[in-house]
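Computed over heavy atoms, backbone and side chain alike; hydrogens, waters and symmetry mates excluded. Protein chains get the first letters and strands the later ones, always in sequence-line order, with residue 1 at the start of each.
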Protein chains: 2
Amino acid sequence: MTKARVLVIEDEEALRLALVDALRSEGFDVLEAADGERGLELALSEAPELVLLDLMLPKRDGFSVLRAIREDRLQSAVIVLSARGEEWDRIQGFEFGADDYVVKPFSTRELFGRMRAVLQRIEGKAPGLPAEAGKIPIGEFVVDFSAYTVERKGVRAGLSRKELELLRFLLDHEGQVLDRMRIQDAVWGRGNESTPRTVDMHVLKLRRKLEREPEHPRHILTVHGVGYRFSRTGEDARRS
Amino acid sequence: MTKARVLVIEDEEALRLALVDALRSEGFDVLEAADGERGLELALSEAPELVLLDLMLPKRDGFSVLRAIREDRLQSAVIVLSARGEEWDRIQGFEFGADDYVVKPFSTRELFGRMRAVLQRIEGKAPGLPAEAGKIPIGEFVVDFSAYTVERKGVRAGLSRKELELLRFLLDHEGQVLDRMRIQDAVWGRGNESTPRTVDMHVLKLRRKLEREPEHPRHILTVHGVGYRFSRTGEDARRS
DNA sequence: GCACGTTTGTCACCGGGTTGTCAACGCCGC
DNA sequence: GCGGCGTTGACAACCCGGTGACAAACGTGC
């Protein structure tokens, strides 16, 4: 990929500048806008590969901008940057069409990780289609992120929001061992007070839905004393 | 990499001293600074692996220090220590650019957890994509440190935490003859009470996982009466 | 080469910590 | 109020690290 174009729509000066700097130094071609109106204008006229969109914006809020972008059948991927707050619920599960979202405050590492994942996902996608998360095969299962379902040989199961978010995080970090804290931070948000064991519970639920033999998982693997590791293709859980 | 260098930039005396103590006793090589100017100076001249950076600092605030560090293309990871409170909103922008951040007050446990995570991520982070990070060939095996696995001809085996730590140590000291005490100090921690024979046990386990013929080891070699020696390329353990 | 003492390899097992699983609870939307 | 979901606590199942015992390998002195 040669120099993807990224549009940053963010009103807070300090953050926008920091973002633009960081992106430029990563080799992106960067456009910027400080309000929703200008942002939409640029998005439509320049059709960047990726839009980083703040939700609370002057003139035209992020939701409205996103809707307009989607209505225009623009191919741009959109990553929403949001402060945790009342709009949080509406964001969860990106029911409203974003490809991903990042909660402020976030680190460069996290943002770049998500950007990479999103850009990779839309790469090789049929042109003209909106850049929705789409269907992803996992072993003999197919997960449909926009429909919240998993399917295997015609049998379909629904996924809850948390399950989907957890799965998405695992997918984005396939192959790495992720400790509970890391998972919790990413999926539940930082400063979350709940037990690390909650993660286990959701892993259990996911296993029931996308493992052929939930008691012998091939995709969501346990690394004793450390955390979990995800494998898309599936692995033999062998004894040591 | 044993003994990572950490720079603490924190003006509050009590906290800084506590941090420095705790870090030293964890085996880190610690540098400290009480204001932003001095901190930046040290960061640039010493290029530590990790910087712990307070945001509210005399002379030069944390944000400015962070930017300067980044502009200098320094490889150091930065963890921001911030107080939640009146400046939270401002901080949200400032957090950006850090590898991670910890909200005051924090426990040493939490801080160490994040440090470990960050350092692990940094480790072997070649200037490419992090996809291949942490994969190291050993003979015809490939060890993936971020996945806790060893693979040989498509056959994968999981490594436990201790096994991985031991292997990491051996790898870091390839070619040297290491006596049991040295290994034990490094992997199990100084002042550990367990039998030196425990080392043997784990060597045995490692051999089973990354030797083609565990009974004729080519990588983890015994030096009778002394200890063990590790070889990445593999040696014929044939007598002469 | 042999015998013996020492060092290392290997096994089975135990104890404690970690994870899997269930049932129950509270919350929210309907 | 009902049902789904997220979360928690409790308990069982499991895994891993560590230990002691014994066999095998090694090295030394004869």
Side-chain angles (χ1 to χ4, degrees), chain A residues 86 88-90 92-93 95 148-150 157-167 169 177-181 183-184 187-189 191-209 211 213-229 237-240, chain B residues 113 148 157-167 169 177-181 183-184 186-189 191-209 211 213-230 237-240:
Chain A
E86 69 277 356
W88 178 244
D89 288 342
R90 294 165 71 188
Q92 290 215 347
E95 290 169 316
Y148 289 76
T149 58
V150 204
L159 288 174
S160 75
R161 257 179 246 215
K162 271 279 180 305
E163 286 165 356
L164 200 87
E165 284 189 61
L166 173 57
L167 178 55
F169 181 70
V177 174
L178 305 161
D179 59 67
R180 288 177 177 63
M181 188 179 75
I183 295 174
Q184 211 175 357
V187 179
W188 276 261
N192 173 288
E193 294 298 313
S194 57
T195 314
R197 297 307 309 284
T198 302
V199 175
D200 300 34
M201 189 68 242
H202 285 269
V203 165
L204 174 65
K205 289 176 173 179
L206 267 186
R207 279 177 174 162
R208 286 197 178 134
K209 290 181 180 171
E211 294 283 3
E213 308 170 282
E215 61 286 3
H216 296 136
R218 296 162 48 81
H219 298 293
I220 308 180
L221 305 155
T222 301
V223 180
H224 196 96
V226 189
Y228 295 98
R229 182 166 58 88
R238 63 182 50 264
R239 299 277 65 74
S240 32
Chain B
Y148 286 66
L159 290 174
S160 76
R161 210 228 293 273
K162 267 278 170 330
E163 286 164 357
L164 198 89
E165 283 169 10
L166 173 57
L167 178 56
F169 180 72
V177 176
L178 304 160
D179 60 75
R180 288 179 177 63
M181 201 189 309
I183 296 174
Q184 209 174 359
V187 179
W188 276 261
N192 174 284
E193 295 294 312
S194 56
T195 314
R197 298 307 311 286
T198 303
V199 176
D200 299 34
M201 187 69 242
H202 284 270
V203 165
L204 173 65
K205 289 179 172 178
L206 266 187
R207 279 178 175 161
R208 286 197 178 135
K209 289 182 181 173
E211 294 284 4
E213 309 169 283
E215 59 290 356
H216 297 135
R218 297 162 50 82
H219 299 293
I220 308 180
L221 306 156
T222 302
V223 181
H224 196 94
V226 190
Y228 296 97
R229 185 166 56 86
F230 183 77
R238 205 125 310 173
R239 345 259 158 286
S240 30

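Note on B/R180: a side-chain N or O is less than 4.0 Å away from OP1 or OP2 of C/dT8. For the OP1/OP2 pair of D/dT7 and a distance below 4.0 Å, the side-chain nitrogens and oxygens of A/H202 include at least one atom meeting the criterion. The side chain of A/W188 places no N or O atom within less than 4.0 Å of a non-bridging phosphate oxygen (OP1 or OP2) of D/dG6. Distances shorter than 4.0 Å separate some side-chain N or O of A/T195 from OP1 or OP2 on D/dT8. Between B/K205 and D/dG18 there is no side-chain polar atom (N or O) within less than 4.0 angstrom of OP1 or OP2.
Distance alone, capped at 3.5 Å, is enough to place a donor-acceptor pair between the A/E211 side chain and the A/H219 backbone. A donor-acceptor pair is defined here as one N or O able to donate and one able to accept, closer than 3.5 Å; no such pair exists between the side chain of A/Q184 and the backbone of A/T198.
Ring orientation note: the planes of B/W188 and B/H202 are nearly perpendicular, at an angle over 60° on the 30°/60° scale.
In this structure, CD1 of A/I220 is placed 15 Å from P of C/dT19, rounded to the nearest angstrom. In this structure, CD of A/E215 is placed 16 Å from C1' of D/dA12, rounded to the nearest angstrom. Atom pair B/Y228:OH and D/dC26:P shows a separation of 13 Å (rounding to whole Å applied). As a whole-Å value, the separation of B/K162 NZ from C/dG16 C1' is 14 Å. Going from atom CG of A/L204 over to atom P of D/dG6 covers 13 Å, rounded to whole Å. Distance CG (A/D200) to P (D/dA13): 18 Å, rounded to an integer number of Å. Here the P atom of nucleotide C/dT8 and the CG atom of B/D179 are 10 Å apart, to the nearest Å. Rounded to whole Å, the distance from CG on B/L159 to P on D/dC16 is 11 Å.
Here D/dG18 is the nucleotide among D/dG9, D/dG27, D/dG18 with the atom lying nearest to any side-chain atom of B/M201. Nearest nucleotide to the side chain of A/H224, out of D/dC16, D/dA21, C/dG20: D/dC16. Distance from the side chain of A/S160 is smallest to D/dG6 among C/dT21, D/dG6, C/dG17. Among C/dT19, D/dG9, C/dT8, the nucleotide with an atom closest to any side-chain atom of A/T222 is C/dT19.
Using a 4.0 Å heavy-atom distance criterion, A/V226 is classed as a sugar-phosphate-only contact. If you check every strand for non-hydrogen atoms under 4.0 Å, B/R161 touches sugar and phosphate atoms only.
With rounding to the nearest 0.5 angstrom, the NZ atom of A/K162 is 14.5 Å from the CE atom of A/M201. Interatomic distance, CD1 of A/I220 versus CZ of A/R229, reported as 12.0 Å (0.5 Å rounding). The line from CG of B/D200 to NZ of B/K205 is 12.5 Å long, rounded to the nearest 0.5 Å.
On a pure distance criterion of 3.5 Å, no polar donor-acceptor pair joins the side chain of B/R208 and the base of C/dG9. A donor N or O paired with an acceptor N or O is not found under 3.5 Å between the base of C/dG9 and the side-chain atoms of B/R207.
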